[in-house]
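Sequence lines set the chain letters: A, B, ... in the order given, protein chains first and strands last, and positions in each chain run from 1. What you are looking at is a predicted structure, and each value in this text was computed from that prediction instead of being measured.
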Amino acid sequence: MVEKKYDLLQRRCPRLGGPITFQYCRETGEGGLPCWKVVDCWWEYFDVLSVLKENLPAEKFNRILTASPKPKITSLIELAQAAKKRCES
Amino acid sequence: MEVRKVLLTEDEMPRQWYNILADIKMNPPLGPDGNPVGPEMLAPVFPMNLIEQEVSSERWIDIPEEVLSVLSIWRPSPLTRAISLEQALDTPARIYFKNECVSPPGSHKPNTAVAQAYYNKAFGIKRMTTETGAGQWGSALSFACSQFGVECKIFMVRVSFDQKPYRKSMMEAWGGQCVASPSPETKAGQDILSQDPDSPGSLGIAISEAIEAAVSDKTGKTRYSLGSVLNHVVLHQTIIGLEAKKQLEKIGEYPDVIIGCAGGGSNFAGIAFPFVYDKINGKEIEIYPVEPAACPTMTKAPFVYDHGDTAGYTPLLPMYSLGHKFMPPPIHAGGLRYHGMAPTVSQLAAEGIIEPKAVSQNPAYEAGITFARTEGIIPAPETTHALACVIEEAKKAKEEGKEKVILFNWSGHGLLDLAAYDKYFACELEDCVLSDKEISEAEKVFEKFPKPEKLSSRPR
């Protein structure tokens with residue numbers, strides 16, 4: 001359980017352009033992971049790595065640590081393929 | 001009276017975009033199978049004429065007359081000398097900015113939106129889809145589609161949709177249809193809503209919805225559009241820098257320093273890339289993309305001896321530090337921080353041709369207010385980061401006694417972001433939320449380290 005004092009913290013999201021809470025960042029990434037920028041955005045505010053480590057399963061925490069977003073083109077192709085599959089099923 | 005604005009006539013607008021891919025080496029993007037992406041893989045997403053631009057290595061690409069005609073609604077944008085700011089700072093620097101606020105949606109975004117709407121129309125596309133976060137891109141595409149009679153559908157991340165209702169109004173005024181994402185209109189959205197009807201959404205979900213809406217159209221007349229990062233987007237934005245070059249030439253100036261804020265990289269690239277071309281060919285220019293930083297480490301942290309790495313292998317160095325546990329993890333530091341940015345911008349940073357800077361939010365807003373009270377325009381929050389860097393460079397010029405020419409891109413106005421200014425005025429923006437207790441806890445790691453002597457290189 002992440003302490004409220006962290007979850008309620010707010011900052012401007014560089015991707016969305018508006019204020020969001022830490023709770024939003026840790027809940028809205030792909031596949032139930034935190035946003036891939038969560039460490040980048042929060043490390044200067046508090047010890048975000050320790051908070052995530054305490055609250056995520058080891059496998060998920062390691063995925064965040066090694067987060068390396070795919071090139072945009074690659075992810076667009078993957079999203080298009082996934083969308084086609086969804087619509088065919 | 002001193003001349004503030006350098007104007008070009010519509011006849012003087014650049015007739016070609018500059019493609020930096022002709023001048024830098026890039027690794028090819030790889031598809032999900034690990035092989036280089038072929039144009040056909042992108043065909044369900046983008047029209048082929050834009051895919052050709054995405055992969056082109058031609059240095060100069062003609063701007064179609066139809067695109068120029070729509071751009072001329074507000075272009076050429078003025079190059080303005082920030083005389084009042086120069087006076088306020090008492091700097092010998094001459095500061096110029098490209099005013100991209102003058103576009104109908106109020107930012108640089110329509111430079112590519114107009115081109116993309118045109119190429120989609122020319123390819124026979126009837127409907128374009130996209131996602132938007134803050135709403136700048138959605139409103140730019142909605143405006144552009146209205147100019148070419150193309151339908152526009154925008155999936156706006158729910159949390160932003162609720163925070164910025166006037167962006168939706170703008171999109172709808174131009175005929176676009178803006179829905180909150182996740183929406184019940186796509187399977188991707190339905191899946192999320194079935195699990196969490198109150199989902200605040202995310203950019204990832206909104207992109208999935210926009211792409212699904214494009215590729216699921218059985219008529220094949222719908223395509224997706226992206227407002228940043230990709231090569232063709234950056235290409236279209238170079239009109240900013242190309243105009244600036246002509247305007248500076250008119251008054252016999254050339255920049256020593258170029259500054260732009262960098263989110264996805266397109267507005268920075270737009271002003272900088274035509275000058276990067278000069279730098280590659282021998283010109284001496286400092287080029288700074290500026291990104292947001294969270295914490296002004298220099299002001300909040302103590303000056304101590306600390307290790308430069310979390311494991312403590314490097315020698316003890318004197319530095320401003322909150323303790324090495326607060327060092328950024330290596331994967332998120334330096335160039336890798338630029339993962340979400342245009343690959344061309346990342347490549348130039350990696351090669352040292354451009355030098356990234358970071359500014360935290362309170363100094364950024366402070367700079368925004370200084371500009372608003374001197375030059376009159378209220379800047380968009382992201383633009384304020386560039387402004388903070390401009391002020392820093394202008395002060396440096398004063399310290400050095402140098403008449404530097406500083407050029408920057410005023411990428412957008414902040415008239416729909418006034419809530420952020422309210423927070424700044426109410427002192428509700430915290431750069432760093434570490435309490436004094438937490439800081440003193442962090443400082444315990446220095447207890448056994450020697451203390452650096454506070455030296456002064458200046459005569460007292």
Side chain from CB out, backbone as N, CA, C, O: work out which of these in B/Ala420 comes under 4.5 Å of a heavy atom of chain A, or both, or neither. neither

Most contacts with chain B, counted as non-hydrogen pairs under 4.5 angstrom, among A/Gly18, A/Ala80, A/Ala82: A/Ala80

Charged N-O contact under 4.0 Å between B/Lys187 and A/Glu88: no

A/Lys72 side chain near B/Ile207 side chain, heavy-atom distance below 4.5 Å: yes

Is it the backbone or the side chain of B/Pro44 that comes under 4.5 Å from a heavy atom of chain A, or both, or neither? side chain

Considering all heavy atoms of both residues, which atom of B/Glu212 and which atom of A/Cys87 are nearest to each other, and what is their separation? CG-SG, 3.7 Å

What option among B/Gly204, B/Gly201, B/Ser216 has the most heavy-atom pairs under 4.5 Å with chain A? B/Gly201

Could you report the tightest heavy-atom contact between B/Pro200 and A/Thr28, atom names first, then the distance? CG-CG2, 4.4 Å

For B/Glu185, look at atom CD and say whether over 12 heavy atoms of other residues, nucleotides or ligands are found less than 6.0 Å away. yes

Roughly how far, to the nearest 0.5 Å, is CG of A/Leu76 from CG of B/Leu42? 7.5 Å

Does the side chain of B/Leu230 come within less than 4.5 Å of A/Ile73's, by heavy atoms? yes

Please round to the nearest 0.5 Å and tell me the distance separating atom CD1 of A/Ile20 and atom OG of B/Ser202. 12.0 Å

Name the region of B/Asn231, side chain, backbone, both or neither, that has any atom closer than 4.5 Å to a heavy atom of chain A. neither

Output, in order, the C-alpha distance, side-chain angles, deciding distance and verdict of side-chain contact (heavy atoms from CB on, under 4.5 Å) for B/Glu382 and A/Arg12. CA-CA 10 Å; B/Glu382 53 272 32; A/Arg12 182 174 184 275; 2.9 Å; yes

Is chain A contacted by the side chain of B/Glu209, its backbone, both, or neither, given a heavy-atom distance below 4.5 Å? neither

What is the distance from atom NZ of A/Lys84 to atom CD1 of B/Ile211, rounded to the nearest 0.5 Å? 11.5 Å

If you count heavy-atom pairs under 4.5 Å between each of B/Thr132, B/Asp191, B/Val215, B/Ile205 and chain A, which one has the most? B/Val215

Worked verdict on A/Leu16 versus B/Val159 for side-chain contact (heavy atoms from CB on, under 4.5 Å): CA-CA 9 Å; A/Leu16 288 177; B/Val159 65; 3.7 Å; yes

Residue part contacting chain A, namely of B/Ser208, when any heavy atom lies under 4.5 Å: both

Heavy-atom pairs under 4.5 Å with chain A - which of B/Leu203, B/Val45, B/Val157 has more of them than the others? B/Leu203

For the student: nearest non-hydrogen atoms of A/Pro19 and B/Gln163, plus distance: O-NE2, 2.9 Å

